[in-house]
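Note that these values count all heavy atoms, side chains included, but never hydrogens, waters or copies made by symmetry. One-based numbering, in listed order, for ligands and for the atoms of each. For this chain, numbers begin at 1 and follow the sequence in order.
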Amino acid sequence: MEQIQNKTYVWSFLGRISHWLLVVSFFSCFVTSFYENMLTLHISLGIVVFGMLLMKIVWGLIGPKYARWSDFRFALKDLKFYFIQKIKDRYRQIQPGHNPASSWFAFLVTWFGIVCCISGFVLYGIQEGNGLLSFLNDKYISYANGLDNIHIFLAYLLLIMIATHITGVLIEQFYHKTNMVMAMISGYKRAKGEDITTTFRMKLLGSLYILLTLVVAYYTYLVPENIFTKSKFQPVDYKALDADFHFECSDCHNLFPPYLLPSASWKKMFKDQHEHYGEDLELDESLVKKIENFMVTRSAEFSTQESAYEINKELKNSSEYTITKTNYWKIIHKDIKKDIFENNIVERKSNCVACHKDFEKGIIYDINITYPQNVTKN
Ligand code: HEC
Ligand code: HEC
């Protein structure tokens with residue numbers, strides 16, 4: 001059968017830019033999510049994803065013809081007809097705008113994507129105590145895990161949908177030979193229809209909007225402690241707060257911030273002070289009272305740091321106090337090879353400050369992790 005050679009200009013320049021920005025930012029977001037210390041980059045990329053999805057919605061109201069929601073085809077009978085025709089007629093005439101399948105795809109991806117971004121944004125506030133929603137951390141830390149699961153579920157759902165979309169485009173490209181891949185590059189589709197026109201107003205608003213999104217994302221990534229990333233947990237000067245605590249507890253190892261264990265655990269540790277991992281702390285009664293009091297009033301129960309919350313949940317019915325023996329600690333650090341803990345820089349697991357540089361100031365942010373994986377074993 002003859003190929004239909006008609007061409008229609010369907011995707012505007014800005015529409016295509018926004019589409020490819022979405023592609024790049026979504027995939028980079030996905031990849032960076034696997035690295036704790038790339039959290040700020042992940043957030044910045046998430047801003048681009050969110051920005052481009054919002055643009056899709058607004059562009060669908062004010063943009064050129066085929067990008068408009070009113071041009072989408074959602075009727076289920078059209079969807080059925082679309083697939084029947086696709087199977088029956090390999091070289092069928094395609095429509096210029098969204099076909100029923102891509103209409104549904106664009107609609108669902110946009111909304112799932114927006115919910116995914118919002119869940120991430122809320123999670124960043126609740127779980128990490130970071131960003132504009134950090135004030136939610138105090139009250140809602142217990143919802144963090146549930147929300148985290150929703151966020152991850154949506155991300156994978158989007159990934160599956162995108163894989164389906166790409167498969168669909170490739171089928172168009174190689175089986176139906178409609179050269180669909182080029183449509184999102186050149187803007188032209190091999191279909192009969194009316195070319196779009198982009199007005200000056202659309203071009204102006206669209207380009208300013210894309211620029212603004214990129215500037216906000218870049219700012220978020222580059223400027224430390226900005227309104228989008230600022231943590232509510234500020235470094236604590238434990239030495240100034242209680243010199244005895246600092247002096248007695250940082251002699252043999254790094255200082256452990258009191259929020260890392262529940263009060264019962266600290267009490268038990270002081271009870272066992274003469275057998276502290278083979279050492280005798282030799283603290284007299286009054287000093288024990290003083291330091292213990294300092295620690296138990298700042299223990300895990302009173303902190304809404306993610307680590308404090310998780311450790312408290314795990315240890316609250318026991319009085320265990322070896323942090324590195326908690327499941328929470330073990331799971332987080334499970335991917336770190338044994339030799340890294342034993343190399344000449346880290347030396348042992350409990351030397352937290354080797355990798356969490358502001359550990360002794362009570363800061364264990366994701367982004368503050370230095371991971372000395374290149375150092376060799378001594
Ligand atoms: C005389 C040396 C010494 C002093 C002083 C000392 N510790 Fe320790 N502490 C140790 C040793 C040794 C270990 C075991 C370290 C290891 O397993 O790497 C340990 C382990 C710990 C751990 C568990 C670390 C883990 O693996 O999870 C905590 C928590 C801790 N100490 C808190 C304290 C506190 C609080 C004080 C102050 C009251 C204190 N230590 C004072 C020697 C000391
Ligand atoms: C060899 C380096 C290393 C040492 C030593 C180390 N950590 Fe970590 N820690 C990491 C890395 C890397 C991560 C991020 C893991 C990941 O990919 O999720 C991490 C993550 C964490 C987190 C989670 C941070 C968050 O916001 O999600 C906590 C809490 C933590 N570590 C506590 C500790 C404590 C307490 C100690 C000492 C008892 C310790 N770490 C020792 C490397 C280390």
Just which atoms of ligand 2 are under 4.0 Å from any heavy atom in [X]?
X      : result
Ser307 : 29 (C)
Cys355 : 1 (C), 2 (C), 3 (C), 4 (C), 5 (C), 42 (C), 43 (C)
Ile364 : 24 (C), 26 (O), 28 (C), 29 (C), 30 (C), 32 (C)
Lys349 : 5 (C), 37 (C), 38 (C), 41 (C)
Ile340 : 1 (C)

(request) Before signing off on this row, confirm whether Arg348 and ligand 2 have an N or O atom pair separated by under 3.5 Å. (result)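 No, since none of the N or O atoms of Arg348 sits under 3.5 Å from an N or O of ligand 2.
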(request) Give yes if a backbone or side-chain nitrogen or oxygen of Asn351 is under 3.5 Å from a nitrogen or oxygen of ligand 2, and no if not. (result)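 There is no such contact.
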(request) Among all protein heavy atoms, pick the one closest to atom 21 (C) of ligand 1 and tell me residue, atom and distance. (result)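 It is Tyr277 CE1, 3.4 Å.
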(request) Look at atom 35 (C) of ligand 1 and say which protein heavy atom is nearest, naming residue and atom and giving the distance to 0.1 Å. (result)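 Result: Cys249 SG, 3.5 Å.
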(message) Which atom name would you report as the N, O or S atom of His253 nearest atom 8 (Fe) of ligand 1?
(response)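 Restricting His253 to its N, O and S atoms, the minimum distance to atom 8 (Fe) of ligand 1 goes to NE2.
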(request) Return the name of the atom in His276, of element N, O or S, nearest to atom 8 (Fe) of ligand 1. (result)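 This turns out to be NE2.
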(request) For Trp266, counting its heavy atoms only, list the atoms of ligand 1 lying under 4.0 Å from any of them. (result)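 Checking each atom against Trp266, I get 35 (C).
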For [atom], which candidate among [options] provides the closest heavy atom?
atom                    : options                        : answer
atom 19 (C) of ligand 2 : Glu36, Lys325, His356          : His356
atom 4 (C) of ligand 1  : Asn254, Asp244, Leu281, Leu261 : Leu281
atom 33 (C) of ligand 2 : Trp329, Tyr365, Tyr328         : Trp329

(message) Please work out, at 4.0 Å between heavy atoms, whether the side chain, the backbone, both, or neither of Leu260 comes within that distance of ligand 1.
(response)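 Neither; no heavy atom under 4.0 Å.
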(request) Could you see which bit of Phe270 sits under 4.0 Å from ligand 1, with heavy atoms only: side chain, backbone, both or neither? (result)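 Only the side chain of Phe270 comes within reach of ligand 1.
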Hey, is ligand 1 close enough to [X] that some N/O pair sits below 3.5 Å?
X      : answer
Glu279 : no
Ser350 : yes
Phe256 : no

(request) Search all heavy atoms of Thr8 against all heavy atoms of Pro96 and return the closest pair with its distance. (result)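 Minimum heavy-atom separation between Thr8 and Pro96: CG2-CB, 4.3 Å.
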(message) Using every non-hydrogen atom in the two residues, find where Tyr219 and Ile227 come nearest and quote the distance to one decimal.
(response)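 So the two residues come closest at OH-N, 4.3 Å.
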(message) Under 4.0 Å, counting heavy atoms only: does Tyr35 come that close to any atom of ligand 2?
(response)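 Per 4.0 Å heavy-atom rule, Tyr35 does not contact ligand 2.
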(message) For Phe34, state whether at least one heavy atom is located under 4.0 Å from any atom of ligand 2.
(response)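 Contact absent.
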(message) Using a distance threshold of 2.8 Å, state whether an N, O or S atom of Cys252 lies below it from atom 8 (Fe) of ligand 1.
(response)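 It does not: Cys252 brings no N, O or S atom closer than 2.8 Å to atom 8 (Fe) of ligand 1.
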(request) Determine whether more than 12 heavy atoms belonging to other residues, nucleotides or ligands lie under 6.0 Å from atom CZ of Phe302. (result)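 Enclosed.
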(message) If you count heavy atoms of other groups shown closer than 6.0 angstrom to CZ of Phe200, is the number above 12?
(response)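 Counting neighbours around CZ of Phe200, 12 or fewer heavy atoms of other residues, nucleotides or ligands fall under 6.0 Å, so no.
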With backbone taken as N, CA, C and O and side chain as the heavy atoms from C-beta onward, which portion of [X] lies under 4.0 Å from ligand 2: side chain, backbone, both, or neither?
X      : value
Thr324 : side chain
Ala354 : neither
Ile332 : both

(request) May I ask you to decide whether Lys361 forms a salt bridge with Asp358, counting only side-chain N to carboxylate O separations under 4.0 Å? (result)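 So Lys361 pairs with Asp358 through a salt bridge.
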(request) Decide, yes or no, whether a salt bridge links Glu194 with Lys189 under the criterion of side-chain N to carboxylate O below 4.0 Å. (result)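 The answer is no: the pair does not qualify as a salt bridge.
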(message) I'd like to know if the side chain of Glu360 and the backbone of Leu255 have a donor-acceptor N/O pair within less than 3.5 Å.
(response)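 Yes.
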(request) Would you confirm whether His246, through its side chain, and Tyr238, through its main-chain N or O, come within 3.5 Å as a donor-acceptor pair? (result)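 Side chain of His246 to backbone of Tyr238, a donor-acceptor pair under 3.5 Å: no, none is there.
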(message) I'd like to know if Phe245 contacts ligand 1, where contact means a heavy-atom distance under 4.0 Å to any ligand atom.
(response)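 Per 4.0 Å heavy-atom rule, Phe245 does not contact ligand 1.
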(request) Take every heavy atom of Met269, measure it against each atom of ligand 1, and state whether any distance is under 4.0 Å. (result)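 Distance cut 4.0 Å: Met269 passes for ligand 1.
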(request) Decide salt bridge (Lys or Arg N to Asp or Glu O under 4.0 Å) for Lys271 and Glu292; before the verdict, give the C-alpha distance in whole Å, the side-chain angles of both, and the deciding distance to 0.1 Å. (result) CA-CA 10 Å; Lys271 228 173 154 182; Glu292 189 184 289; over 6 Å; no
